[in-house]
Amino acid sequence: MRRPLSPTLAKLAEQELNETPDRIQQDIIILRVWIRQQPHLRARTEDDFLIAFLRRCRYSLEETKRRLDRYFSYYNLFPEIMSNRYITQRLLDINRLGMFIYPDLPKCDNRTALFIARFGKLDPNQYSLREIYHFTSMAMEIVALENDYASVAGICEIIDLEGVSSDKMRRFDKQFFRRWWNWLHDCSPLRIKEVYVINMPKDIQGSIMYLYNMLSLQVNYPIRVLKNAEELFDHIGKGSLPEEYGGTNGHMNESVAYMEDLLNSYRGYFEQEFKYGTIEELRPGEVATYEAEFGVNGSFRRLNWD
């Protein structure tokens, strides 16, 4: 059953996403019928799941169909993050690193949900980038279903680079990141509204600034590089930031515990993952291939870090 939005979010959904409450059920039915008519597509059809994609596409049915098709096509094209999505102890341990923070009801002044990524928490000797983004894809799907601020107003992301060394950058899997970036841009049910990069060590500035310049050309939202957390106050109110960043919006360990509770509550949901994906041999027209999406050896949208 769909959750009713707060009056503030309902107004925002109508103004920015073209959401009309009286039309939502009709749009859901149209998508379900369309999914059943696609011989190659095995997609989820729960209300909240389809609504998350409708909101991401501002209720354009045709764009929603394309994004849903791409999303489930990536079960084959990007199995590193879209297959074997089960709630395991190792997945819970990754959450407990506190590398990615998804607060319960975070809301910035513009009502966007707050995400915090702390890449310095990653020990490449302990966890691979594939495992980290495998966890992130699951967490983002849960947030899209559970957090109305995220699905309606979008995401305000803070990327904290404290502790990221040049050695970690050299070991960074660039080709994998390119594929992750394609997934985030083309498939994710969440919409990023703005990004803030803070605490950039001097020895990785060249690599990060090249990436910043490259990504800024490809996205339609601002990416701002700030010196430290204090500069966040000029953009995000203290009431929205956790206490570890000088704010008053609770502690980050509370957010980690909140996400662990969500992960455990979604065990049954992810155990049904084997039902979904695409059977490309049944797709009408051309078959989606890895090379079509990423180029030979992932050459599409190549990010030259060297």
Side-chain angles (χ1 to χ4, degrees), residues 1-78 81-82 85 111-113 137-138 140-155 182-193 220-221 266 268-288 292-293:
M1 182 178 294
R2 301 196 310 270
R3 293 184 302 274
L5 294 175
S6 69
T8 299
L9 281 180
K11 183 177 180 180
L12 191 65
E14 180 181 4
Q15 292 177 343
E16 292 195 6
L17 306 181
N18 305 310
E19 182 167 297
T20 303
D22 294 340
R23 198 186 67 204
I24 294 175
Q25 194 59 40
Q26 177 185 352
D27 289 345
I28 289 174
I29 292 172
I30 291 172
L31 287 176
R32 284 179 178 155
V33 170
W34 174 80
I35 288 169
R36 286 198 299 269
Q37 292 174 341
Q38 307 311 303
H40 67 290
L41 183 59
R42 306 292 185 266
R44 290 186 179 274
T45 58
E46 299 97 324
D47 283 8
D48 288 339
F49 186 87
L50 295 179
I51 289 172
F53 277 84
L54 282 164
R55 287 172 175 167
R56 175 63 180 83
C57 300
R58 292 186 168 89
Y59 278 83
S60 165
L61 283 170
E62 292 308 309
E63 177 55 33
T64 302
K65 292 174 185 178
R66 285 191 291 270
R67 184 166 286 266
L68 282 168
D69 195 355
R70 287 195 299 264
Y71 188 83
F72 288 101
S73 295
Y74 269 57
Y75 278 56
N76 298 328
L77 294 168
F78 204 3
I81 69 165
M82 297 300 289
R85 299 204 304 169
R111 299 292 174 180
T112 54
S137 75
M138 297 170 68
M140 290 181 71
E141 186 166 328
I142 293 173
V143 169
L145 300 177
E146 292 287 334
N147 190 324
D148 292 330
Y149 289 97
S151 67
V152 172
I155 302 301
N182 289 353
W183 179 89
L184 191 65
H185 186 269
D186 296 334
C187 303
S188 170
L190 290 176
R191 178 169 51 104
I192 298 176
K193 293 288 290 293
N220 59 357
Y221 51 81
Y266 270 75
Y269 175 92
F270 285 109
E271 285 172 358
Q272 301 300 310
E273 283 282 285
F274 70 93
K275 299 178 180 179
Y276 305 113
T278 58
I279 303 174
E280 291 302 329
E281 293 80 3
L282 300 179
R283 178 188 292 274
E286 295 184 3
V287 174
E293 285 293 322

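The analysis underlying the following values was restricted to heavy atoms, covering all of them including side chains, and did not include hydrogens, waters or symmetry mates. Note that the coordinates shown come from a computational prediction; the quantities given were computed from them, not determined experimentally.
- Salt bridge annotation for D69-R283: present, with a cationic side-chain nitrogen under 4.0 angstrom from a carboxylate oxygen.
- If you take CD1 on I51 and CG on L145, they are separated by 10.0 Å, rounding to the nearest 0.5 Å.
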_Does Y59 form a side chain to side chain contact (heavy atoms under 4.5 Å, CB included) with D27? I'd like the steps, not just the answer._
CA-CA 8 Å; Y59 278 83; D27 289 345; 3.4 Å; yes
*When you look at I155 and Y221, which way does the side chain to side chain contact (heavy atoms under 4.5 Å, CB included) test go after all the steps?*
CA-CA 11 Å; I155 302 301; Y221 51 81; over 6 Å; no
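- For R67 (side chain) and S188 (main-chain N/O), a donor-acceptor pair under 3.5 Å exists by modelled atom type.
- Nearest approach of Q38 to R42, heavy atoms of both residues: O-NH1, 4.2 Å.
- If you take CZ on R32 and OG1 on T45, they are separated by 5.0 Å, rounding to the nearest 0.5 Å.
- The CD1 atom of I28 sits 11.0 Å away from atom CD of E46, with the distance rounded to the nearest 0.5 Å.
- The CZ atom of R23 sits 13.0 Å away from atom CD of Q25, with the distance rounded to the nearest 0.5 Å.
- Note on ring orientation: taking the six-membered ring where Trp is involved, the planes of Y269 and Y266 are perpendicular (angle over 60°, cut-offs 30° and 60°).
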*Do E16 and R191 pass the side chain to side chain contact (heavy atoms under 4.5 Å, CB included) test, and can you show the C-alpha distance, the side-chain angles, and the key distance before you say yes or no?*
CA-CA 12 Å; E16 292 195 6; R191 178 169 51 104; 4.2 Å; yes
*Would you sort out whether S73 and E280 count as a side chain to side chain contact (heavy atoms under 4.5 Å, CB included), showing the intermediate values?*
CA-CA 8 Å; S73 295; E280 291 302 329; 3.8 Å; yes
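- Using a 4.0 Å cut-off between a side-chain N of Lys or Arg and a carboxylate O of Asp or Glu, R3 and D148 qualify as a salt bridge.
- No side-chain heavy atom of L31 sits less than 4.5 Å from a side-chain heavy atom of R36.
- Under 4.0 Å is where a charged nitrogen must lie from a carboxylate oxygen, and between R56 and E141 no such pair does.
- Under the 30°/60° scheme for interplanar angles, the aromatic rings of W183 and Y71 are found to be tilted.
- Between A52 and A144, the shortest heavy-atom contact is CB-O, 4.0 Å.
- Residues L12 and A153 approach most closely at CD2-CB, 3.6 Å, considering heavy atoms.
- Of the inter-residue distances, the one linking L68 atom CG with L61 atom CG reads 10.5 Å to the nearest 0.5 angstrom.
- Looking at Y149 and L5, their side chains never come closer than 4.5 Å, going by heavy atoms from C-beta outward.
- In this structure, the side chains of Y74 and N182 come closer than 4.5 Å at one or more pairs of heavy atoms.
- Residue M82 holds its CE atom at 7.5 Å from SG of C187, rounded to the nearest 0.5 Å.
- Ring geometry for F49 versus F53: interplanar angle of 30 to 60°, hence tilted.
- With Y276 as the aromatic partner, R85 does not meet the cation-pi criteria of under 6.0 angstrom to the ring centre and within 45 degrees of the ring axis.
- Contact of the L50 side chain with the T64 side chain is not registered, since no non-hydrogen atoms from C-beta on lie closer than 4.5 Å.
- Between P39 and P284 the shortest side-chain heavy-atom distance falls below 4.5 Å.
- We find that R55 and D48 are not joined by a salt bridge, their nearest charged nitrogen and carboxylate oxygen being 4.0 Å or further apart.
- Ion pairing of R44 with E273 is present here, as a side-chain N (NZ or NE/NH1/NH2) and a carboxylate O approach within less than 4.0 Å.
- Considering all non-hydrogen atoms of both residues, I192 and L184 come closest at CD1-CD2, 4.0 Å.
- Checked for salt-bridge contact, E14 and K11 miss the test: no charged N lies under 4.0 Å from a carboxylate O.
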